[in-house]
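Input: a single structure, listed below in structure tokens.
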Amino acid sequence: MTGVPASAAGGPGRPAPGGKLGAAAVNQASLWNIANILTMIRLLLVPGFVALMLAGGGYDPAWRSLAWAAFAVAMITDLFDGHLARAYNLVTDFGKIADPIADKAIMGAALICLSSLGDLPWWVTGVILGRELGITLLRFVVIRYGVIPASRGGKLKTLAQGTAVGMYVLALTGPLATLRFWVMAVAVVLTVVTGLDYVKQAVVLRRQGIAERRALAATAVAAADREAER
């Protein structure tokens, strides 16, 4: 049972008129699900965040508070879009590509703005962005052998980064300004440690993949030799 009336399907044994167009319409409509919409919102928030962050010379507490609100919304949508996509089978090719881009775009924009304003050392921005871009490239390199799963450490790293950057976006003073320094220190440590862990996983995954391919090749050669001997 397909749930499609026979008249719409063109009757038994006949292709539905405009069948290709109908399939294309379904595929196009599938892009507009709640998970992808949240990802698009996060992408649209990036230029808005930058404008708010740099408004008033970049040091106005009111504008910085609005920038923090935009950053917070982006981080919240990041928590929900992936979960919704997996829970309700809303995973699409667009989402697979756009979601990590949106994540890195908002975080990269915040870090670069903070460093350009002198609030955050450039080496911190370099370490975090270098790690994120490096691990993304590493995933693509080893994708032929398998997928590197997200670890608990990676999720904790994301939480620490979001919290630390959010605290730096706000114009904090006194004890809170000291606290954000230590939160960022924890985020940097987690960034480096989890990055090294992903590199280790990638090396192991590649070795396993190569070993499996060699075993399959050896099996195929042995089978061909047995067939030739018959």
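Along the sequence shown, the residues carry numbers beginning at 1.
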Atom [atom1] of [X] and atom [atom2] of [Y]: how far apart are they, to the nearest 0.5 Å?
X	Y	atom1	atom2	result
Leu38	Ile76	CG	CD1	11.0 Å
Phe181	Leu120	CZ	CG	10.5 Å
Leu179	Thr163	CG	OG1	10.0 Å
Met53	Ser116	CE	OG	7.5 Å
Leu52	Arg64	CG	CZ	11.5 Å
Met75	Trp68	CE	CH2	12.0 Å

**Asked** Does atom CZ of Arg139 have more than 12 heavy-atom neighbours from other groups under 6.0 Å away?
**Response** yes
Got [X] and [Y] here, is their nearest side-chain heavy-atom distance under 4.5 Å?
X	Y	value
Gln161	Val188	no
Asp119	Tyr59	yes
Met184	Ile128	yes

In the single-linkage hydrophobic clustering (I, L, V, M, F, W, Y; side-chain heavy atoms under 4.5 Å), do [X] and [Y] co-cluster?
X	Y	answer
Trp63	Met167	no
Val127	Tyr198	no
Leu170	Met107	yes
Val124	Trp182	yes
Val141	Ile135	yes

Sequence neighbours excluded, the answer for side-chain contact (heavy atoms from CB on, under 4.5 Å) partners of Leu190 is Leu156, Lys157, Ala160, Val186
Distance-minimising heavy-atom pair for [X] and [Y]:
X	Y	result
Ala110	Phe71	CB-CE1, 3.9 Å
Thr125	Leu111	OG1-O, 3.3 Å
Ala109	Val50	CB-CG2, 3.8 Å
Asp60	Ala55	CB-O, 4.4 Å
Leu117	Gly58	CD1-O, 3.6 Å
Val199	Leu138	CA-CD2, 3.8 Å

Worksheet item: Could Arg42 and Phe49 be counted as a cation-pi pair, given that NZ or CZ must be under 6.0 Å from the ring centre and within 45° of the axis?
Response: no
Classify the side-chain pair Thr194/Arg131 by whether it contains a donor and acceptor separated by less than 3.5 Å. yes
Quick note, salt bridge (Lys or Arg N to Asp or Glu O under 4.0 Å) partners involving residues 194-203, not counting sequence neighbours, are none
